[in-house]
Amino acid sequence: ARGAFNAALNLDPDNEMAIGGLQQVAEQNDLAIIRTRQDAGNLALAEERWQDAQDSFTAILKLDANIQFAKDGVAAAREHQRIETILSKIRQEPQRLSAQSLYLEAETIVSAANTLAYKGPTLNALIAHGSRLLDLYRNPVDVTLLSDNATEVIVSNIGRLGRFEQKVLNMRPGQYTIRGSQRGCKDIYMSIEVIPGISPVDVSCAERLVNY
């Protein structure tokens, strides 16, 4: 149709029928592109291909920046992508949930994830894993530390505990670093994973320095 109308204009540049025909062709072409991009964007959302969805809806907005469903599509794809990224980080570094602030942030993200409209296998698996981690890290655990009453003990996220023979700490599940120091001995560093049922942890400096 475009070729025929252009051919008519070559013969008669002022032909109103040909000019109007080209305008209609352009409009119909744009509508076809919009429908195709809309279908592609919706399919990408359903298949959890967030970037592809953004690209499809953005292409529509380049034709007409006021199309609401395209705006909504871009926003939805971005939000799903954002939450999937955060849930993936939570899965990769669960020990960070031992910090109260990060635990609360994770709780908010999992809650928001459950309200998302386009949840496929990937998102559902991440949400389920995140929920299990929240259950695991929700309640503090009693941890028994044993020492020799001569070693100065410091625990990350808790602070200096000083010297003692036995101390019971109520700790959020997660990974902690413990440092023990004693004059004349080599400092010790250990990393422990606090989980329900953790065995007592011995923190005593035992290796004497040669000069002492």
Side-chain angles (χ1 to χ4, degrees), residues 1-138 174-175:
R2 181 181 288 112
F5 288 129
N6 280 322
L9 287 175
N10 286 333
L11 297 174
D12 181 6
D14 297 324
N15 188 307
E16 293 183 1
M17 183 176 293
I19 293 172
L22 281 176
Q23 291 175 343
Q24 187 175 4
V25 166
E27 292 171 359
Q28 292 299 320
N29 184 63
D30 284 353
L31 287 174
I33 292 174
I34 289 170
R35 285 194 292 269
T36 300
R37 292 291 189 178
Q38 182 181 17
D39 290 342
N42 289 335
L43 179 61
L45 285 175
E47 294 180 348
E48 300 181 289
R49 292 183 287 109
W50 315 126
Q51 189 57 55
D52 289 344
Q54 289 182 58
D55 293 343
S56 293
F57 290 120
T58 298
I60 294 174
L61 293 175
K62 288 180 179 178
L63 293 174
D64 186 341
N66 297 313
I67 297 179
Q68 190 59 48
F69 76 77
K71 292 180 181 179
D72 294 340
V74 170
R78 286 175 177 170
E79 180 64 2
H80 283 67
Q81 188 174 48
R82 181 184 75 86
I83 289 181
E84 181 181 307
T85 299
I86 297 174
L87 288 174
S88 296
K89 290 181 179 179
I90 292 172
R91 181 177 61 181
Q92 294 165 4
E93 300 178 289
Q95 68 276 5
R96 298 187 64 190
L97 295 178
S98 60
Q100 178 72 8
S101 60
L102 294 178
Y103 179 90
L104 293 175
E105 288 180 18
E107 208 170 34
T108 299
I109 287 296
V110 170
S111 177
N114 280 311
T115 68
L116 293 175
Y118 303 95
K119 296 192 291 291
T122 299
L123 262 179
N124 280 324
L126 287 171
I127 292 170
H129 189 75
S131 296
R132 289 194 296 271
L133 287 174
L134 289 176
D135 288 339
L136 176 63
Y137 283 79
R138 179 168 289 114
Q175 194 166 31

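Index from 1, following the sequence.
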Exercise. Hey, mind stepping through Asp135 and Arg132 against salt bridge (Lys or Arg N to Asp or Glu O under 4.0 Å) and telling me if it holds?
Worked result: CA-CA 5 Å; Asp135 288 339; Arg132 289 194 296 271; over 6 Å; no
Exercise. Are any of the side-chain heavy atoms of Leu136 and Leu97 separated by less than 4.5 Å?
Worked result: no
Exercise. When rounded to the nearest 0.5 angstrom, what is the spacing between CD in Gln68 and CG in Leu61?
Worked result: 9.5 Å
For this session: Please list all pairs passing the ring pair (Phe, Tyr, Trp, His ring centres under 6.0 Å) test where one or both residues lie in residues 30-70, with sequence neighbours left out.
Result: Trp50-His80
Seminar exercise, completed: Rounding to 0.5 Å, atoms OG1 (Thr85) and CD1 (Ile90) come to a distance of 11.0 Å
Exercise. Do Leu43 and Asp52 pass the side chain to side chain contact (heavy atoms under 4.5 Å, CB included) test, and can you show the C-alpha distance, the side-chain angles, and the key distance before you say yes or no?
Worked result: CA-CA 9 Å; Leu43 179 61; Asp52 289 344; over 6 Å; no
Exercise. Which atom pair, heavy atoms only, marks the closest approach of Ile67 to Ile60?
Worked result: CD1-CG2, 3.6 Å
Exercise. Roughly how far, to the nearest 0.5 Å, is the CD atom of Gln51 from the CZ atom of Arg78?
Worked result: 9.0 Å
Exercise. Is Arg37 close to Thr58 at the side-chain level, that is, under 4.5 Å between some pair of heavy atoms?
Worked result: no
Exercise. In Å and rounded to the nearest 0.5 Å, what is the CG to CG distance from Leu133 to Leu126?
Worked result: 10.5 Å
Problem set entry | Side-chain heavy-atom pair Lys89, Arg96 within 4.5 angstrom cut-off | no
For this session: Kindly indicate whether the side chain of Pro121, heavy atoms from C-beta on, has any atom under 4.5 Å from the side chain of Glu48.
Result: yes
Seminar exercise, completed: Note: Lys119 and Asn114 closest approach over all heavy atoms is NZ-O, 3.2 Å
Problem set entry | Shortest non-hydrogen contact from Ala53 toward Gly41 | CB-O, 3.8 Å
Seminar exercise, completed: Nearest heavy-atom approach of Ile83 to Ala113 is CG2-CB, 3.7 Å
Problem set entry | Exercise: identify the closest heavy-atom pair between Leu134 and Glu107 | CD1-CA, 3.8 Å
